[in-house]
Each structure stands twice: as C-alpha cells, then as structure tokens.
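Notes for the one structure printed next.
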Amino acid sequence: MDRDQVVHILNEIGTLLEIQGENPFKCIAYRNAARALEGLHEDLAALVADGRLQEVKGVGSSIAGKIATLVATGALPYHEELRSQVPPGVLELMRVSGLGPKKARILWLDLGILSLDALEQACRENRLLAHAGFGQKTQENILQGLVQLRSSVGKFLYHVAAERAEKIRLALEANPAVRRVSTAGSLRRRKEIVKDLDLLVATADAPAVMEQFVHLPEVERILAQGPTRSSVVLPGGLQADLRAVSEAEFPFALHYFTGSKEHNTAVRGRARRMGLKLNEYGLHREDGTALPCSDEAALYRALGLAEIPPELREDLGEIESAEQDDLPRLVDEADLRGAFHVHTTWSDGRNSVAEMVAGARARGWRYLGISDHSKSAVYAGGLDQEKLARQQADIDAVARTVPGFRIFKGSEVDILPDGSLDYDEDILSTFDFVVASIHSKFKMTEAEATGRLIRAMENPHVTFLGHPTGRLLLDREGYPVNMHAVIEAAAHLGVAIEINSHPLRLDMDWRLGRFAREKGLRIGIFPDAHEVGGLADVRYGVGIARKAWMRAEDVVNAWELDLVEKWLGRRRSGAGAARPPGDGPPAADDAKKKPARKKG
DNA sequence: GCCGTTTTCGGCCCGACTGTTTTCAGTCG
C-alpha cells in the first residue's frame with residue numbers, strides 16, 4: 001500500500017471516529033498524522049522498514065503501528081472494524097455542505113437516512129424538523145447543498161482531466177499505427193472544468209487503435225467501440241472519447257472537435273461567405289474540390305485568418321482579431337521569471353523557505369515572493385509580530401546563500417470584514433509586497449464584497465489582490481463580487497490582480513480577461529504554493545491567463561527582476577498606476593472589439 | 001492519540017458564523 005492510500009485511510013479513521021462521537025482530539029490526531037505523511041519527503045516504505053515512523057511529528061506509537069500494518073499487509077483490522085460500525089452512506093451524507101459528523105449521525109440513527117436520495121426525500125417531507133438541532137433553515141440549506149453537490153457530478157477539474165488525458169495520449173502515441181494524436185475539446189481549450197476527454201488520432205488502421213484504446217489499463221468500462229469512434233469510462237466516471245481519422249482529415253477534425261461550438265459556427269459561417277464549405281472532414285469549394293490543409297494554421301490561412309490558439313476559441317472576438325492579424329502573443333510558462341504568493345512552514349506550508357527557494361531556482365526562476373498568512377488566519381498558522389520577525393530573519397539568512405536570486409519578503413494579509421488589513425502600518429511597511437485576500441466572513445452582499453476588496457486595494461501597501469472571488473471550483477461559489485468594478489479600481493490604483501493557479505481556484509476567472517486588458521490591468525500568475533511541488537501549478541494559471549488574452553507584458557511575474565523591483569517600488573511610493581518602462585498604454589485596440597462575456 | 005523550554009498529565013489552533021436555542025452546538029476555514 002502506498003502513501004496516498006495510507007493517508008486516505010488515516011483521514012477516514014478520523015472521520016469515522018468523529019461520527020462515533022470519539023474524543024475530538026483523537027480524531028484530529030489521525031488527521032494530523034495523515035497530513036504529516038502527505039508532507040513527507042522520504043519513502044514511506046523505507047521509513048517503516050527502518051522503524052523510524054515515530055520520528056515523524058504527529059505519528060506516535062499507536063498510529064505508527066497502524067501505518068506499519070497498512071504498509072505491510074494492505075489492510076488494517078481497526079479500520080475495517082470502524083467501517084463495519086458506520087454504514088458508508090453516512091460518509092456520503094457528510095459530503096453535503098453544512099452536514100458534519102454530528103448531524104450525519106442523527107440522520108443515520110434517528111431517521112435511518114443512508115443516501116443522498118433518502119436525505120432529499122426526508123427534507124421534502126419535513127421529517128427533519130422533529131429532531132434536535134434541525135430547523136426549517138437547516139432543511140433548506142441541506143436541499144441547497146444537495147443541488148450544489150449534484151451539479152458537480154459529471155464535471156471534472158482541468159488538472160485531473162489533463163493528467164488522465166496525457167497518459168492516454170502517450171499510450172496512443174506509442175502505437176506504431178498512430179501517425180498523429182492530440183487531445184481536443186474543452187481540455188485543449190484549457191477550460192477550468194471539463195465534462196469529458198476528447199482525443200483524436202490520425203491512423204490508417206483505426207480498428208487496431210480502437211482496440212488498443214478500449215483495453216488501456218485505466219479503462220473501467222467500454223460504452224461504445226466502432227471503427228471511427230469509441231467511448232470509455234475511466235475511474236471516477238470520467239468519459240473519454242477517441243475518434244480516428246485519416247492523416248489528410250486530421251487538421252479539420254482537430255479543429256472541429258476542439259470547438260468551441262460557438263467558434264466553429266462562426267468559422268463555418270465565414271467559410272460559407274467565402275464560397276467554401278467546412279466540416280470535420282475537410283474544406284471544399286462549391287464545386288466539391290478539396291482545399292487540402294496540412295495543419296490548423298493552414299486551415300485558418302485558407303480562410304484569411306491568423307492561426308487562433310485553442311485557448312481563445314470561444315467566439316469572444318478572436319475571429320475578428322485573427323482577421324486583422326492582431327491576435328495577442330499569449331503568455332507562455334517559459335515567460336515566467338519568478339512568482340509571488342508562496343507559503344512556507346512558517347504558516348501552513350509544508351516546506352521551508354530554503355526549500356521553496358531551491359524549488360524556484362530549479363525552475364529557472366530569478367525571484368520568489370514569500371507570503372505566509374497574517375495573524376487573523378489562525379487556522380492557517382498566521383504570523384504574529386514576533387513570529388513574523390523570525391520569519392523575515394530566516395528569509396534574510398536564506399537570501400545570503402543564494403546570491404543573484406531575489407527573495408521578496410511579503411505576506412498574504414487577510415482583508416478584514418470592513419476592508420482594512422490584518423496588520424498595521426508599522427508591520428506592512430516591512431514588506432516588499434502584499435497579497436491581500438479574503439479568508440473569512442464570506443457571506444456578503446455584492447456591494448459589501450466589492451467595497452471590501454476596493455477598500456483593501458486603496459491601502460498603498462497592497463500590491464496584489466489574491467483570489468478575488470474566493471471560489472473553489474466544483475465545491476464553493478465565490479462571494480458575489482462586481483469584478484468589473486474591482487478590475488477598474490485595481491487598474492486605477494496600480495494593484496495587480498492574481499490569477500491564483502491552484503487548480504481548485506483558477507481565480508480570477510478568464511472570462512474577465514478582455515475587460516481587464518482593456519482597462520490596462522496587470523495580473524500575476526501566482527502558485528499559492530504550500531509545498532515545493534505546488535510551484536508547478538503555475539502551468540494551470542498560465543492556461544487561464546492565455547484564455548484571458550494575456551500577454552507576457554501584462555503579467556508582473558513574467559517581467560525581469562529589475563522591472564518588478566521598480567514596479568513594486570513605485571506602488572509603495574504612492575505613484576499610483578505604475579507601468580514598466582517601455583510598456584505603452586494598454587493595448588485597447590485589440591481588446592475592445594467585443595466586450596468580455598460576464599461570468600456564468 | 002500526540003506531545004513536552006508548561007514534560008508523563010492535561011492541553012491540543014481557534015474565532016466566526018449559523019441556526020438553533022434561551023446560552024449553545026455544529027460546522028467551517
């Protein structure tokens with residue numbers, strides 16, 4: 001049994017104990033042990049073999065014994081006994097927002113509810129009201145939580161889908177019968193949420209490729225298998241479709257299956273106006289003669305358009321821009337020179353300052369901005385003044401060991417309910433940068449949330465606005481914010497808004513990109529990393545920034561170090577909307593033909 | 001169940017919010 005499985009079981013034990021009403025600290029102990037294992041740098045099996053498990057902080061003699069059993073035998077009698085005492089349906093109930101162990105236990109023991117369907121039924125029949133702790137409002141909240149939970153079924157986060165798709169793509173690529181292979185669909189367009197995987201191959205032996213595809217080890221179930229198209233289900237219910245075409249058809253099929261539907265419709269309309277017919281098999285004149293294209297670039301060229309990157313194919317003005325050959329050169333991961341918004345063990349990170357810096361250097365970055373949590377973020381180990389001083393001394397010490405690499409001292413400072421910041425002037429002035437974020441009191445009206453964010457940005461110490469809506473994809477709606485007003489204020493004040501690259505956040509939303517560009521907003525593609533591996537999440541942020549039409553010059557952490565230092569300095573000295581030298585006015589000409597579509 | 005410059009017992013991260021209560025329990029981050 002590997003580490004991830006052990007972590008999962010320890011967490012589950014914590015939950016099962018909680019449902020049984022065990023001492024809460026005992027439950028926490030199991031979760032802490034799971035967390036400690038997650039942050040482990042060493043091989044778990046080796047640790048067990050050497051009898052050094054108890055050296056891990058959070059793992060004592062009892063849990064160490066259980067881990068050893070799990071690693072050695074793949075099972076744990078204690079865990080199985082707990083599972084036999086609590087039906088699996090109870091754990092299912094706890095997935096509903098607002099239902100914790102206590103309420104789930106009451107639903108189970110007093111009402112015999114063991115499924116989401118039964119829970120909904122009971123709410124509709126007002127059967128919850130008779131029980132202590134349940135009122136009208138609770139019942140309504142549960143029904144709402146059920147809607148939210150079910151709406152996430154059949155949807156997958158980009159990073160999950162991308163990882164699965166890449167495995168399949170590599171397997172297909174290794175097949176000698178496959179000439180070309182690509183992902184398509186919303187995944188290729190880098191949407192933050194995808195419903196299924198679309199893959200496309202060019203081959204002369206489609207049946208053989210289909211045979212390979214449906215029998216890949218990750219396939220759980222075959223939905224359909226034909227010579228040109230097969231569909232399978234992967235673990236977790238993710239559906240993957242593979243289509244096979246000839247090499248000559250490949251560019252047209254790739255374009256067609258990449259979409260979006262709206263983009264395709266617009267492109268086909270354009271072809272028709274030019275006396276051409278475009279479909280997934282080719283581009284033809286009215287007399288039926290084919291216009292061969294070797295790739296998508298040739299296809300667009302044949303229609304009098306510059307090649308449109310997949311990320312932009314949402315019919316949000318990209319065709320007009322391509323027609324005038326003024327599509328932006330989109331930011332690329334290789335453009336990033338560093339990053340801000342990184343946590344360390346000083347707050348809730350899993351790696352030290354030195355380790356995070358080493359990770360950044362290994363990526364070829366020239367600078368890194370450390371921002372642990374501020375004092376009000378107690379649950380995340382926020383730093384008080386004394387601890388902050390020690391953290392900053394630590395950063396100074398690490399900085400001396402990495403000449404030529406710049407470490408910026410900052411903080412992810414909580415924006416308090418009234419829009420003020422969680423540190424006073426004396427402390428704020430010790431930072432090179434400040435990421436201001438909301439982490440508490442999410443229930444606000446749109447006016448309150450918008451005012452709160454803008455007031456925070458008016459503080460001259462604030463350089464970046466962190467995850468502006470607080471959303472967690474497929475999990476939690478963000479607070480309602482008038483993002484247009486926030487973007488205008490940020491651009492005016494010279495504050496850059498973060499595109500938080502954590503795959504659950506990807507916040508700010510890309511749909512605001514055109515508007516943001518028009519206003520001259522600067523953005524940051526920041527990892528919000530809590531461990532070294534989290535630095536790589538910037539690739540997801542880059543995908544969103546590309547969908548948002550962002551160029552390297554719009555992205556603060558794609559700037560060279562000297563430019564970033566100047567920019568931070570100007571903001572601090574109250575110069576307002578500072579821009580890097582040589583960077584002209586916002587490129588409004590290629591950003592305002594079509595207003596950005598509102599979120600949703 | 002874990003841990004120790006508060007050290008073998010007694011605290012453990014804790015404040016805000018919500019909905020339920022009539023002084024607080026449960027949930028969340």
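Throughout, protein chains are lettered first and strands after them, A, B, ... in sequence-line order, and every chain is numbered starting at 1. Just the heavy atoms: all of them, side chains too, but no hydrogens, waters or symmetry mates, feed the values below.
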Notebook entry, point to check: Between A:His439 and A:His467, is the gap from one ring center to the other below 6.0 Å?
Noted result: yes
Margin query: Taking the six-membered ring for Trp, are A:Phe464 and A:Trp567 closer than 6.0 Å centroid to centroid?
Written below: yes
Please report the distance separating the [atom1] of [N] from the corresponding atom of [M], rounded so that it comes out in whole Å.
N      : M      : atom1 : answer
B:dT6  : B:dA16 : C1'   : 29 Å
B:dG11 : B:dT21 : C1'   : 29 Å
B:dC9  : B:dC17 : P     : 40 Å
B:dT27 : B:dT20 : P     : 13 Å
B:dT8  : B:dC2  : C1'   : 12 Å
B:dC13 : B:dG4  : P     : 12 Å
B:dC3  : B:dT18 : C1'   : 34 Å

What does [X] touch in the nucleic acid at a heavy-atom separation under 4.0 angstrom: a base, only the sugar-phosphate, or nothing?
X        : value
A:Leu99  : sugar-phosphate
A:Phe134 : sugar-phosphate
A:Pro101 : sugar-phosphate
A:Ser376 : nothing

Spacing of [X] atom [atom1] relative to [N] atom [atom2], expressed in whole Å:
X        : N      : atom1 : atom2 : answer
A:Glu22  : B:dC2  : CD    : P     : 13 Å
A:Ile28  : B:dG29 : CD1   : P     : 16 Å
A:Asn141 : B:dT27 : CG    : P     : 13 Å
A:Tyr479 : B:dC17 : OH    : P     : 15 Å
A:Ile63  : B:dC12 : CD1   : C1'   : 14 Å

Item checked: A:Ser115 and A:Asp117 side chains, donor-acceptor separation under 3.5 Å -> no
Note to self: Any donor-acceptor pair under 3.5 Å linking the side-chain atoms of A:Glu458 with those of A:His492?
What the structure shows: no
Item checked: Contact nearer the 5' end of DNA chain B, comparing A:Ala380 with A:Ala104 -> A:Ala380
Next item on the list: Report the residue (A:Lys137 or A:Gly98) whose heavy-atom-nearest nucleotide on DNA chain B is the more 5′ of the two.
Entry: A:Lys137
OP1 or OP2 of [N] less than 4.0 angstrom from a side-chain nitrogen or oxygen of [X], does that happen here?
X        : N      : answer
A:Ser62  : B:dG1  : yes
A:Arg105 : B:dG26 : no
A:Ser440 : B:dC17 : no

Check: Does A:Lys191 make a cation-pi contact with A:Tyr158, if we ask for NZ or CZ under 6.0 Å from the ring centre and within 45° of the axis?
Finding: no
Check: Does the cation-pi check pass for A:Lys409 over A:Phe433, that is, NZ or CZ under 6.0 Å from the six-membered ring centre and within 45° of its axis?
Finding: no
Notebook entry, point to check: Of the nucleotides B:dC2, B:dC28, B:dT20, which has the atom closest to the A:Ala29 side chain?
Noted result: B:dC2
Notebook entry, point to check: So which nucleotide from B:dG1, B:dT18, B:dT27 ends up closest to the side chain of A:Asn23?
Noted result: B:dG1
